[in-house]
Amino acid sequence: MSTNRDRKNKKNDELTAQERQSIYNNSYFFKKKNEEAIDFLKKHPIPKEYLQR
């Protein structure tokens with residue numbers, strides 16, 4: 001599971017925020033976790049009283 005295609009041999013500290021975000025968006029693991037989080041929030045919505053804060 002390599003998402004290092006865009007890194008060009010850079011260390012994590014040397015990557016820009018935009019580069020890290022693109023790696024995150026292209027990662028299968030995080031796509032799956034994002035879908036699971038969306039499904040969870042559909043089943044258990046955040047109460048409106050917390051959203052108004």
Nearest heavy-atom contact between Glu14 and Glu19 is O-OE1, 4.4 Å
Value for NE2 (His44) from CG (Asp39), rounded to nearest 0.5 Å, stands at 10.5 Å
Fill in: Leu51 atom CG, neighbour heavy-atom count above 12 within 6.0 Å
yes
Exercise. Is Ile38 reachable from Ile46 through a run of I, L, V, M, F, W or Y residues, each pair having side-chain heavy atoms under 4.5 Å apart?
Worked result: no
| Quick one: do Glu36 and Lys33 make a salt bridge, cutoff under 4.0 Å? | yes
One should read off an interatomic distance between Asn34 CG and Lys31 NZ, to the nearest 0.5 angstrom, of 10.5 Å
To the nearest 0.5 Å, atom CZ of Arg20 lies from atom CG of Asn25 at 13.0 Å
>> Tell me whether Asn26 contacts the main-chain N or O of Ser22 through its side chain, where contact means a donor paired with an acceptor under 3.5 Å.
In response: yes
